Amino acid sequence: MDIVIYVIAFLFGIVIGSFLNVVIFRVPKGEDLASRRSHCMSCGYQLRWFDLIPLFSWIILRGHCRKCHEKISVQYPIVEALNGALYVVILLLCGINVVSVIYCLCASALLALSVIDFRTYIIPIGFNIFILSLGVIRVVCGLLNLDDLFGSIWLYIIGMFAVSVPLGILWFISKGRAIGGGDVKLMGAAGLLLGWKLIILAFVLCCIIGSLIH
């Protein structure tokens, strides 16, 4: 039964990952996410339902447009598969509960904004608002746990400022040259969701991993 649940989570994750690809391409351009049907970026061919099966359509078409045979970016299957894998990992670590759902949504948002940030060096404010909303929901979930009422509240409220305030000071002193304002807002929103312990751990790991990759 657990295997079935993880398979369903992966399939649902790649479906959401397909939508993330739309977000990644359209949000930086200011395009509407719903008004225009999915289409080939080269010839404008409007994709049919059988062209939009997450992950599998790209594999079946061997990474080419059905109409003009131009190459389709490998980003599509990577984002879809990675989002599905993240959902499975979150369920394995956190179990099947409301918090896992919140973390899955946050993981999807972080995945999409990471690709956008990599391409444009901009974190759209909508992502920060979305993650902040998830943090508010997480705090409410903590409030419902009466055994750890005050601990839950302060864990997340302090987390909102634990990393964002030092980064905000750095941004102010450097006049935005050392770090972007979007990063400051992101750490505040993510801190409310994760709590001060995990957001500090995440920040330290990001610094180490980012330095190694760079």
Side-chain angles (χ1 to χ4, degrees), residues 9-31 33 38 41 54-55 58 63 72-94 99-138 159-160 162-164 166-168 170-171 176-195 198-214:
F10 178 78
L11 294 176
F12 185 71
I14 64 175
V15 171
I16 298 299
S18 180
F19 174 71
L20 294 182
N21 279 314
V22 177
V23 172
I24 289 168
F25 278 109
R26 296 190 184 184
V27 167
K29 298 178 181 179
E31 296 181 2
L33 295 177
S38 297
M41 303 296 288
L55 193 58
W58 190 91
I72 301 173
S73 174
V74 73
Q75 171 194 301
Y76 288 95
I78 290 177
V79 169
E80 291 166 355
L82 184 55
N83 195 65
L86 285 171
Y87 280 21
V88 172
V89 170
I90 289 171
L91 288 182
L92 285 170
L93 294 176
C94 302
V99 174
S100 290
V101 174
I102 294 173
Y103 283 166
C104 284
L105 293 174
C106 180
S108 293
L110 290 172
L111 177 58
L113 78 82
S114 295
V115 179
I116 293 175
D117 188 23
F118 177 76
R119 288 181 166 183
T120 66
Y121 300 101
I122 295 174
I123 298 178
I125 187 63
F127 286 97
N128 288 329
I129 293 174
F130 179 73
I131 295 173
L132 182 65
S133 300
L134 293 178
V136 172
I137 295 173
R138 181 67 182 89
M160 188 175 183
V163 175
S164 62
L167 292 184
L170 179 62
W171 172 84
R177 291 190 296 269
I179 194 169
D183 298 300
V184 177
K185 299 183 186 73
L186 176 60
M187 288 296 100
L192 181 64
L193 174 61
L194 295 176
L198 291 181
I199 193 61
I200 291 176
L201 174 61
F203 177 67
V204 172
L205 289 176
C206 285
C207 290
I208 296 173
I209 296 172
S211 298
L212 291 173
I213 293 175
H214 180 72

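Only a predicted model underlies this, so the values are computations on that prediction, with no experimental measurement involved.
- For the pair S108 (side chain) and C104 (backbone), a donor-acceptor distance under 3.5 Å is present.
- The side-chain heavy atoms of L194 and L201, taken from C-beta on, include no pair separated by under 4.5 Å.
- For the side-chain contact (heavy atoms from CB on, under 4.5 Å) test, residues two or more places apart in sequence or in another chain that qualify with S100 are I90, L91, C94, N97.
- Taking every heavy atom of both residues into account, I199 and G159 meet most closely at CG2-O, 3.8 Å.
- Distance check, rounded to the nearest 0.5 Å: CD1 of I213 to CD1 of I208 gives 12.0 Å.
- Below 30°, between 30° and 60°, or above 60°: for F25 and Y76 the angle between ring planes is below 30°, a parallel geometry.
- Interatomic distance, L20 CG to I14 CD1, rounded to the nearest 0.5 Å: 12.0 Å.
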In a table with atom names and distances, give each donor-acceptor pair under 3.5 Å that connects a side chain of residues 118-132 to protein atoms at least two apart or in another chain.
{"residue": "R119", "atom": "NH2", "partner": "Q75", "partner atom": "OE1", "Å": "2.5"}
{"residue": "T120", "atom": "OG1", "partner": "I116", "partner atom": "O", "Å": "2.7"}
{"residue": "T120", "atom": "OG1", "partner": "I122", "partner atom": "N", "Å": "3.2"}

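- Pairing each heavy atom of G13 with each of Y87, the nearest pair is CA-CD2, 3.4 Å.
- Of all heavy-atom pairs between E80 and L55, the closest is OE1-N, 2.6 Å.
- Note that CG of L86 is 13.0 Å distant from CD1 of I16, once rounded to the nearest 0.5 Å.
- The distance from atom CG of L93 to atom OH of Y103, rounded to the nearest 0.5 Å, is 10.5 Å.
- Atom CG of L167 and atom CD1 of I179 lie 4.0 Å apart (nearest 0.5 Å).
- Separating the CG atom in N83 from the OG atom in S18 is a distance of 10.5 Å, to the nearest 0.5 Å.
- With a 4.5 Å cut-off on side-chain heavy atoms, R138 and L192 do not count as touching.
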